[in-house]
Structures are given as structure tokens and as C-alpha cells.
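Worksheet: the structure to be examined is printed underneath.
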Amino acid sequence: MRWPKGLDGLCYGGDWNPEQWPEPVWRHDLALMRQAGVNLVTVGVFAWARLEPEPGRFTFDWLDRILDAAYEAGIRVNLATPTASPPPWFSLRHPEALPVTAEGVRLTHGSRDTYCVAAPAYRAAAARVADALARRYASHPALAMWHVHNEYATDCYCDDVAAAFRRWLRDRHGGLSALNAAWGTAFWGQQYHHWDQVLPPRATRYLPNPHQLLDFRRFLSDELRAAFREQRDLLRAAAPDVPITTNAVFGDWVPVDHRDWANDMDLVSLDAYPEGEEAEEQTAFLGDLARHWAGGRSWLLMEQAPGALRHGGAWVRTVPGQMARLSLSHVARGSRGVMFFQWRASAAGAEQFHPAMVPHAGEHAPIFAEVRDLGAMLPRLAEADAGEVSAQVAIAWDAGSWWALRAPHLPSPDVEYLAALRRAHRWLWRSGVTADFADLGVDLSRYRLVLVPSHFLVDDRQAASVRRYVERGGHLVVWYFSGVADANGHVRLGGVPGAFRDVLGVRVQEWRPLPPGGTVALDDGTLATTWCELVELAGAEVVLRYAEGQLADRPAVTRNRYGAGSAWYVSARLADAAYDRVLAAVSAAAGVGPVVAGLPSGVEVVRRADGVHSWLFVLNHTDRAVRVPVTGWELLSDQSVSGVLMVEPDGVAVIRQENDGVDGRAHGRVPGD
Ligand code: GAL
Ligand code: ZN
């Protein structure tokens with residue numbers, strides 16, 4: 001990871017779009033930024049039409065003045081390439097570079113993100129504007145980092161995409177017969193006899209080929225990534241000392257494998273927009289994911305909405321203080337700063353009602369006071385960035401499984417990957433346990449417990465790694481619909497959970513999804529809902545049984561001793577009480593506990609530690625003051641704490657402790673313990 005040039009502490013700021021305002025507002029903005037402690041602004045994200053008003057003619061004077069003014073004000077610039085929003089002239093000149101939907105509709109300019117990433121004209125124009133920016137600003141003293149594009153996530157089904165998809169498929173599969181095998185085209189007579197017959201998964205009559213869907217999603221990730229790399233290479237050549245990122249957005253609509261992309265970036269950055277209820281837990285989930293993408297190291301929160309959350313389509317002001325708590329949750333989880341979308345609320349345009357650090361009402365509105373307070377807090381926390389987050393538990397993360405389970409042909413709509421992941425993460429969060437996300441293929445031995453929710457695709461390397469982990473004493477929980485298929489999405493024969501059958505000591509004979517609203521009692525009085533299975537024991541012991549219906553007396557949850565470890569299988573979608581009980585039992589068996597014991601749910605605690613110190617982040621999301629047993633130095637109040645610290649409702653605290661092997665000890669599993 002490389003850090004923004006010229007910035008030592010944590011980054012603080014947001015997207016600044018001065019091109020939407022007359023110049024006197026720029027000066028006022030910079031004065032307010034200084035008041036608020038802002039040190040980094042993202043500039044130019046959607047400024048292509050302004051920068052290049054006609055093909056090949058660049059107008060940099062206004063951007064020169066912005067960068068100069070920012071520099072004079074002591075504020076650094078995260079300079080964006082504007083390629084997420086091509087100018088209208090571009091689409092009129094290159095109509096073939098407008099995206100085509102799966103249904104064959106060609107879209108028109110008028111919003112943003114309306115381009116085809118595989119269109120040669122788009123790629124050339126994007127490279128040209130990125131190169132022009134690189135040459136112009138490579139040595140500008142305000143330049144701290146490059147922000148390529150904005151939230152790569154678009155798709156297209158046009159002929160250029162078809163050609164690029166075929167090239168990608170040749171690379172991945174080799175010949176046409178390997179492709180036919182990988183896609184199972186013997187089914188429904190889909191054999192391809194010539195490469196020209198192979199297409200993106202355009203709208204078709206009935207269920208599409210799931211292997212084609214999966215490969216297309218993988219292809220999109222790689223194609224978008226190639227477009228990113230082209231710009232990155234130009235920027236890097238012009239300014240080798242300036243780090244490069246692109247802001248990652250996360251959601252079911254985003255065909256990007258961020259963990260994989262991280263290898264191409266100097267610095268991983270995340271846009272986090274939790275929605276509706278449970279914003280705290282969603283924030284933690286996203287922050288933990290970003291840390292995983294960053295290989296466990298620091299990353300940067302590039303965007304969030306200041307002081308408001310989206311509920312459905314509308315933005316709703318959050319309680320005062322929540323903005324700081326959510327921001328510090330990101331810092332606790334490895335973010336080296338706090339950035340927002342956006343600095344000043346736009347008076348016009350599609351996002352005119354989006355919250356901002358400076359709202360329409362101006363700097364006297366309460367949100368700006370919160371912005372200033374947060375800006376005053378962050379410099380006090382900078383030292384904590386030396387610490388790494390340590391987690392006892394890993395949740396398996398696998399982009400392939402996520403994408404494969406988006407397909408429309410599954411045996412139940414309830415095998416939802418993200419929902420399963422969120423649930424496991426939420427349970428840990430509510431229990432005060434810090435989680436990492438991890439790829440199952442890596443060495444898992446530092447974790448006491450590994451949770452594997454609905455990991456549909458498992459390749460042989462991942463299966464072997466899991467086996468090794470349990471054999472050597474690890475604890476594993478696997479949920480239904482895991483290990484079902486290989487990397488191409490072909491079912492592993494002989495009964496699920498195919499790839500994990502030996503470790504789990506069970507064989508599933510049949511799936512028995514329940515009708516909507518259906519439940520089945522378990523023998524401890526708790527319930528299973530929507531998904532059940534007919535499980536045959538093959539070495540495992542029974543932890544819970546189904547207690548009624550056709551599955552009465554059959555195993556529902558099992559545990560298998562395997563080598564020095566244990567592996568649990570959860571064959572049903574458990575209702576909350578059952579889920580809770582099973583995970584509590586598993587955690588106890590694995591010796592997993594909260595970072596600080598005895599705190600009420602809703603008090604978030606994360607520890608970061610280096611060899612010498614540790615930093616305990618305490619975020620009180622509840623409406624009651626909480627007593628935290630801790631000794632050390634509280635950084636925000638700059639006071640010592642001995643024995644106990646009261647944290648007010650909605651309050652935050654960060655306590656530095658000596659890493660003396662007790663309070664600040666590393667919390668991963670010590671090999672052999
Ligand atoms: C982000 C995007 C920003 C802005 C924001 C609104 O996804 O990068 O430009 O649109 O959403 O929440
Ligand atoms: Zn296209």
C-alpha cells in the first residue's frame with residue numbers, strides 16, 4: 001500500500017466539484033475546509049465535458065486554478081480521471097460506444113456511466129483524457145493521489161463486448177470443445193461449433209445457461225480491470241511517485257472482484273453507503289470486506305454520505321453523532337481516513353438532494369458542526385494506523401460463489417449468498433467479535449474459527465486448504481449449499497456438500513426446501529425455516545435433529561471430529577434463536593470471544609495492535625452510557641483511564657494500551673495453542 005503523497009496523518013475530505021460553482025464559492029469552500037480540518041479533496045470526477053469540450057481540445061485553465069488554490073490553502077488533491085461520464089459529443093460521434101442492454105436496447109447519454117467499456121473508441125478517448133491529465137498535473141505540488149474513473153461497474157451486451165468475451169473465453173478455456181464442456185452445452189443442444197456463435201448472455205426465451213452467466217460476470221470484472229490498468233499505466237508513467245486507486249463500490253449489481261483487483265492498485269479505496277436500518281453493522285461489514293481486499297492492511301474510505309442514510313429512495317438525517325461513529329468504525333477496521341461524497345451540496349442536477357458536508361443551508365447548519373468535530377478528532381487518532389486489526393474468526397468470501405448464486409435456476413430463492421454472509425457477520429458483530437473475510441484457499445491457521453456460508457463453488461485448492469485447516473486443529477462451520485459445485489459451476493457428484501464431504505462427515509441425499517413461511521421444529525425447541533435437507537451421517541455426530549414432518553429424527557446440525565479439529569454442518573436455514581444457539585456453541589468450542597467481555601450488544605469494540613501498542617476503539621451505538629473495563633490513554637479526550645471508562649450514549653473513545661501481552665495481545669490463534 002502506498003500513501004497519498006504529502007499527507008502523513010489520516011485523510012479527511014471528500015468529492016469537491018467546484019466546476020459547479022462560481023469562483024468566489026471556491027475560495028469560501030477552501031476557507032471552510034481549513035476550518036473543518038480537511039486535507040484531501042477529490043477533484044474532477046465528472047468533469048470530462050468541461051475538460052475536453054470538443055475532441056482533442058483540452059481546457060485546463062480552470063482546473064489549474066483549482067489545484068493552485070487548493071495547494072495554497074494547504075489542501076491536497078486526489079485527482080480523478082473523468083471517464084465515468086463521457087461528454088455528449090463523444091456519444092454522438094461514437095454511437096457504437098453507447099452501451100446495449102441484454103434486451104438489445106442501446107442507451108443514450110443523459111446520465112452518467114453510459115458508455116461501453118469494451119468499445120475501442122471509448123478506451124481510446126479515456127486513455128487520451130487520462131494521459132492529458134497525467135502530463136498536465138504529474139508534478140503539480142497539490143497532487144497527492146490519482147483516482148481513476150468512478151466506481152467501475154458497468155455492463156454491456158454489444159458486439160464489441162461479444163468479441164472481447166470470446167477472447168477472454170479462449171484465454172480461460174483454450175479451445176471450443178473445452179468451452180462446450182465447461183458450459184455444459186450438451187444440455188438443450190447449445191453446442192458451439194464456431195467461435196462466432198458464442199455471445200454474451202443476451203435476453204433469451206427461458207432459463208439462460210448458468211455457466212455462461214458466471215463466465216460473463218468474470219469476464220466483465222477482467223474487462224473493466226483492463227480498462228483501469230490502461231489508465232493506471234499512463235498515470236504511473238507520468239508520476240511514478242503518486243499512488244493510484246479507483247473507488248470500489250459494492251453490491252449485487254457490481255461485476256467486480258475487488259480482492260483480485262487490489263493487486264493492481266497502490267491503495268484500496270471503498271465507497272460505503274449503508275442503507276436503512278442496521279447501518280452500523282453494514283458499515284462494519286463493508287469495512288471488514290475492504291480490509292480483506294487490501295490484504296489485511298490499511299485502505300481508505302473514499303466516499304460515504306455525511307450525516308444521512310438512504311431509506312428506500314430518500315435520504316434521512318441520522319442522529320447527531322452517528323456520522324462520527326460510522327466514520328470511526330471504518331478507521332477501526334483499517335481505513336486511513338474518512339472521505340465523503342460530497343463537500344458542497346449541489347443546487348442542481350440528479351443528486352441535488354444528496355447530503356453533503358456543507359448542506360444547502362450553508363455552514364451554519366448542524367451537520368457542518370459535526371463535520372468540524374470529526375475533523376478535529378481524526379488527527380488524534382492517526383497513531384492507531386500503526387496497528388493491524390486482528391481477528392479470531394474468518395468468514396469465507398468468494399466472488400465466484402456470490403455470482404453463481406445470482407443465477408435464476410436455483411432450487412430455492414433463499415440460497416442467497418450475500419444474505420448468508422451478512423447474517424454470519426451480523427452475528428459476530430452483535431457478539432462483539434471482530435471478523436476477517438478470507439479466501440478459503442489461503443493458510444487459515446491463524447483463525448480459531450472459520451465460517452463458510454453457502455460457498456457454492458469450491459475449487460480443489462480451497463477444498464484442500466480447508467481440510468488442512470481442520471486437520472491441524474481448526475474449527476469450521478459450513479452452511480447448506482456449500483461445496484456443491486466446482487469452479488465452472490458443475491455439480492460435484494455423489495452428494496453435497498461435495499468438496500467438504502470428508503471434512504464434515506455427512507452426505508446430503510436430498511434438498512427439501514420449504515414453502516414460503518414454512519417452518520420445521522428442531523429437537524431443542526428452536527426452528528428451521530425455508531431450507532432443510534435429508535442428511536446421512538458419514539462419521540459426524542448429531543448436534544440437533546429435525547423434530548417433525550418427513551425429516552423427523554434426521555440430523556439437522558452435525559459435528560465431525562477431523563484430525564485435531566472439528567467441522568460443523570448446518571443443513572437448514574435456522575431461525576434466529578437456533579442460529580444464535582449453534583453459533584454460541586461453536587464459538588465456545590473454538591474459544592472465540594468478544595474483544596472486551598461483558599459489554600451490551602450495540603457497543604462496537606475493535607482492537608488494532610502493533611508490536612508495542614494496541615488501540616481499542618469503542619463505539620457506543622446504544623442510547624445508554626456504558627462502562628468499559630479498560631486501562632490506558634484515551635486519545636480523544638487526551639486523558640488517562642484506569643480500570644474503567646464511561647462511554648456516553650452515541651459516544652466514541654479510542655484507548656491506547658501498552659501491548660504487554662495481556663491487554664494488547666495479538667488475538668489470532670497462536671500455532672499449537
Ligand atoms: C457514489 C458515487 C458518487 C455519488 C454517490 C451518491 O456511488 O460514486 O458519485 O453518486 O454514490 O451516494
Ligand atoms: Zn458494448
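Quick caveat: nothing in here was measured; it's all calculated off a predicted structure. Just so you know, ligand 1 is whichever comes first in the structure, and atom 1 is the first atom listed for that ligand.
- At the Zn ion (ligand 2), the angle from SG in C158 to SG in C116 is 120° when rounded to 10°.
- Remark: side-chain polar atoms of N39 are paired, donor with acceptor, to backbone N or O of Y12 under 3.5 angstrom.
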Distances only, to 0.1 Å: what are the N or O pairs between ligand 1 and the protein that fall under 3.5 Å?
| from | atom 1 | to | atom 2 | distance (Å) |
| --- | --- | --- | --- | --- |
| ligand 1 | 7 (O) | E151 | OE1 | 2.6 |
| ligand 1 | 7 (O) | E151 | OE2 | 2.5 |
| ligand 1 | 8 (O) | N150 | OD1 | 3.4 |
| ligand 1 | 8 (O) | N150 | ND2 | 2.9 |
| ligand 1 | 8 (O) | E151 | OE1 | 3.3 |
| ligand 1 | 8 (O) | E151 | OE2 | 3.1 |
| ligand 1 | 8 (O) | E303 | OE1 | 3.0 |
| ligand 1 | 8 (O) | E303 | OE2 | 2.9 |
| ligand 1 | 9 (O) | R112 | NH1 | 2.9 |
| ligand 1 | 10 (O) | R112 | NH1 | 3.0 |
| ligand 1 | 10 (O) | R112 | NH2 | 2.9 |
| ligand 1 | 10 (O) | E351 | OE1 | 3.0 |
| ligand 1 | 10 (O) | E351 | OE2 | 2.5 |
| ligand 1 | 12 (O) | H354 | NE2 | 2.7 |

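- For the ring-ring contact (aromatic ring centres under 6.0 Å, His included) test with F437, the passing option among F285, W293, F250 is F285; the others fail.
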Verdict with supporting geometry, W402 and D252, side-chain hydrogen bond (donor to acceptor under 3.5 Å, both in side chains): CA-CA 8 Å; W402 171 35; D252 272 330; 2.7 Å; yes
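- Ring pair H364/F368: centre-to-centre distance not below 6.0 Å.
- With R325 as reference, E280 is the one residue of E280, E604, E370 to meet the salt bridge (Lys or Arg N to Asp or Glu O under 4.0 Å) rule.
- Taking the ring axis of W21 as reference, the NZ or CZ atom of R344 stays within 45° of it and closer than 6.0 Å to the ring centre.
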